[in-house]
Amino acid sequence: MNPVVLIPARLASTRLPDKPLADIAGKPMIVHVWQRAKEAGIGPVYVAAAEPEICAAVKAAGGEAVLTRPDHPSGSDRIFEALGEIDPEKRFDVIVNVQGDLPTLDPKIVRRALEPLANPNVDIATLCVEITREAERNDPNVVKAVAALAPDQGRSIARTLYFSRATVPANAGPHYHHVGLYAYRRAALERFVSLPPGLLEQREKLEQLRALEAGMRIDVALVDTVPLGVDTPAELERARAALRA
C-alpha cells in the first residue's frame, strides 16, 4: 500500500465556530491533528481546507495544505477534491481520512486503520472501541458499529454489517462505539463520492451507510481508545486540559 493522510477542515462549525483555529496549548487545533497524523508515520499528510486561514495556519507550522471549495457537503467530498490536486498521477492507492477535530488523536490508531485493507476484498476500513460505560449504549450520539468481533477468539477485525445510533445488536453481549476514521482504497473513495445519498444514510444521518447500501465492504478494527472529538466549548476545554498535562 502507498497511503496518504488527508484531514478535512472548515471554519463553518455551528456549535464551535472557527474551531480548526482554536488555540490549544499555543497551537491551532488543526496543527495538533496534523502533528498526530504525521507521528503515525504511514505517509504524507495534507490538510484539505475550506478556507485560506486554515491553509495559512498549517503552512506556518511547517505542514502542507490544499485549499478546496468551501461548499462541499462532506469531508469525504473535500478530501477527494484535495486528492486530485496533490496526486493527479494517482500514485497513492489508499487514502486515510482523519477528522480535523481530534487534537488528542493517538497515532497508533491511524496505523491500525490500515490493517483491514490487508484483505483485498475490503473497500473501506474503519475503527471501533468496545463500550464500557452503560450510558453510551443508549446514547444516539454514540454511533454503534455492528460486527461479529470476538477478540477472545483472535477476531479483532471483522466485516461491518451495519452502523446505527440505536442500541444494536439486541440481547447480551458487547456493543462497539464507532470511531469515525476511515481508510479508503482509492477506487472506493472515487465510487463513494459519486453515489447519491442512501435512504438509510438519510434516516440515521450516517454517511457510511451509503457505502453499505451500495454493496461496498467496510471492515472494522478494534482499538482501545476513542479520540476526543471537539465539537463544543466544553470539549475544547477538555482538550486544552489534556494537552497541558
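Count residues from 1 along the sequence. Keep in mind it's a predicted model, so treat the numbers as computed, not measured.
- Hydrophobic clustering (ILVMFWY, side-chain heavy atoms < 4.5 Å, transitive): Leu199 and Leu209 are in distinct clusters.
- When atom types are taken as modelled, the side chain of Arg185 and the backbone of Val122 share a donor-acceptor pair closer than 3.5 angstrom.
- Between Leu67 and Cys55, the closest heavy-atom pair is N-SG, 3.7 Å.
- Distance check: Leu222 CG to Glu115 CD gives 11.0 Å after rounding to the nearest 0.5 Å.
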#### Entry: Chi angles and distances behind the side-chain contact (heavy atoms from CB on, under 4.5 Å) call for His32, Leu105
CA-CA 9 Å; His32 284 281; Leu105 178 68; over 6 Å; no

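- Across every non-hydrogen atom of Arg165 and Asn141, the tightest pair is NH1-CA, 4.2 Å.
- Under the 3.5 Å distance criterion, the side-chain polar atoms of His177 are left unmatched by any main-chain donor or acceptor of Val226.
- In terms of hydrophobic clustering, with Ile, Leu, Val, Met, Phe, Trp and Tyr side chains grouped at heavy-atom distances under 4.5 Å, Ile79 and Leu195 are assigned to a common cluster.
- Of all heavy-atom pairs between Leu212 and Thr160, the closest is CD2-O, 3.9 Å.
- Between the side chain of Glu201 and the backbone N or O of Gly198 there is at least one donor-acceptor pair closer than 3.5 Å.
- Panel note: side chain Lys19, backbone Val230; a donor-acceptor pair is recorded below 3.5 Å.
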With a 3.5 Å cut-off and sequence neighbours excluded, list the donor-acceptor pairs that the side chains of residues 1-12 form with protein atoms.
unit_1: Asn2; atom_1: ND2; unit_2: Arg91; atom_2: O; d: 3.0
unit_1: Arg10; atom_1: NH1; unit_2: Ala12; atom_2: O; d: 2.6

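- Among the candidates Ile218, Val146, Val220, the single residue satisfying the side chain to side chain contact (heavy atoms under 4.5 Å, CB included) test with Phe163 is Ile218.
- Between Ala113 and Leu181 the shortest heavy-atom distance is CB-CD2, 3.5 Å.
- Within the model, atoms CE of Met29 and CG of Asp18 stand 10.5 Å from one another, a figure rounded to the nearest 0.5 Å.
- In the displayed structure, Asp23 atom CG is contacted under 6.0 Å by more than 12 heavy atoms of other residues, nucleotides or ligands.
- Taking CG of Leu243 as the reference point, atom CZ of Arg238 lies at 12.0 Å (rounded to 0.5 Å).
- Between Glu64 and Trp34, the closest side-chain pair of non-hydrogen atoms is not below 4.5 Å.
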### Task
Could you go through the side-chain contact (heavy atoms from CB on, under 4.5 Å) check for Leu117 and Val94 one step at a time?
CA-CA 9 Å; Leu117 296 180; Val94 171; 3.7 Å; yes

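- Val179 and Pro227 get closest at one heavy-atom pair: CG1-CD, 3.8 Å.
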### Task
Any chance you could lay out the side-chain contact (heavy atoms from CB on, under 4.5 Å) test for Ile157 and Arg112, step after step, and finish with the verdict?
CA-CA 10 Å; Ile157 295 175; Arg112 174 73 165 154; 3.9 Å; yes

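- Within 6.0 Å of CZ on Arg155 lie more than 12 heavy atoms contributed by other residues, nucleotides or ligands.
- A side-chain N or O of Glu204 and one of Tyr162 form a donor-acceptor pair less than 3.5 Å apart.
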### Task
Could you go through the salt bridge (Lys or Arg N to Asp or Glu O under 4.0 Å) check for Lys90 and Glu190 one step at a time?
CA-CA 11 Å; Lys90 299 188 176 183; Glu190 289 175 353; 3.5 Å; yes

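- No donor-acceptor contact under 3.5 angstrom links the side chains of Arg15 and Thr232, judged on distance only.
- Side-chain atoms of Leu149 and Tyr176, non-hydrogen and from C-beta on, do get closer than 4.5 Å to each other.
- A side-chain donor-acceptor contact under 3.5 Å links Lys205 to the backbone of Gln202.
- The side-chain tip of Arg186 does not point at the ring of Phe92 from less than 6.0 angstrom away and within 45° of straight on.
- Screening Val45, Asp101, Val98 for a side chain to side chain contact (heavy atoms under 4.5 Å, CB included) involving Val33 leaves a single residue, Val98.
- Judged purely by distance below 3.5 Å, without hydrogens or angles, the side chains of Thr126 and Gln208 never pair a donor atom with an acceptor atom.
- One N or O on the side chain of Thr167 and one on the backbone of Arg137 form a donor-acceptor pair closer than 3.5 Å.
- Distance alone, capped at 3.5 Å, is enough to place a donor-acceptor pair between the Lys144 side chain and the Val142 backbone.
- The heavy-atom pair separating Leu228 from Ala239 by the smallest distance is CD2-N, 3.6 Å.
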### Task
Could you go through the side-chain contact (heavy atoms from CB on, under 4.5 Å) check for Ser164 and Arg203 one step at a time?
CA-CA 10 Å; Ser164 183; Arg203 184 170 177 176; over 6 Å; no

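- Distance alone, capped at 3.5 Å, places no donor-acceptor pair between the Asp123 side chain and the Met216 backbone.
- Note that CG of Asn97 is 11.0 Å distant from CZ of Arg78, once rounded to the nearest 0.5 Å.
- The structure places OH of Tyr46 at 10.0 Å from CG of Leu83, a figure rounded to the nearest 0.5 Å.
- Salt-bridge check for Arg210 with Glu213: failed, with every basic side-chain N at 4.0 Å or more from each acidic carboxylate O.
- Rounding to the nearest 0.5 Å places CZ of Arg191 at 9.0 Å from CD1 of Ile124.
- Side-chain atoms of His175 never come within 3.5 Å of backbone atoms of Glu130 as a donor-acceptor pair (strictly under, hydrogens ignored).
- At a cut-off of 3.5 Å, with distance as the only test, a side-chain donor of Glu81 or His72 sits close to an acceptor on the other residue.
- Clustering ILVMFWY residues whenever any of their side-chain heavy atoms sit less than 4.5 angstrom apart, transitively, puts Tyr182 in the very cluster that holds Val143.
- For the pair Leu16/Pro233, a side-chain contact is recorded, criterion being any heavy-atom separation below 4.5 Å from C-beta on.
- Side chains of Thr225 and Asp106: no donor on one and acceptor on the other come within 3.5 Å.
- Cluster annotation: Val96 and Val223 are assigned to the same hydrophobic cluster (Ile/Leu/Val/Met/Phe/Trp/Tyr, side-chain heavy-atom contacts under 4.5 Å, transitive).
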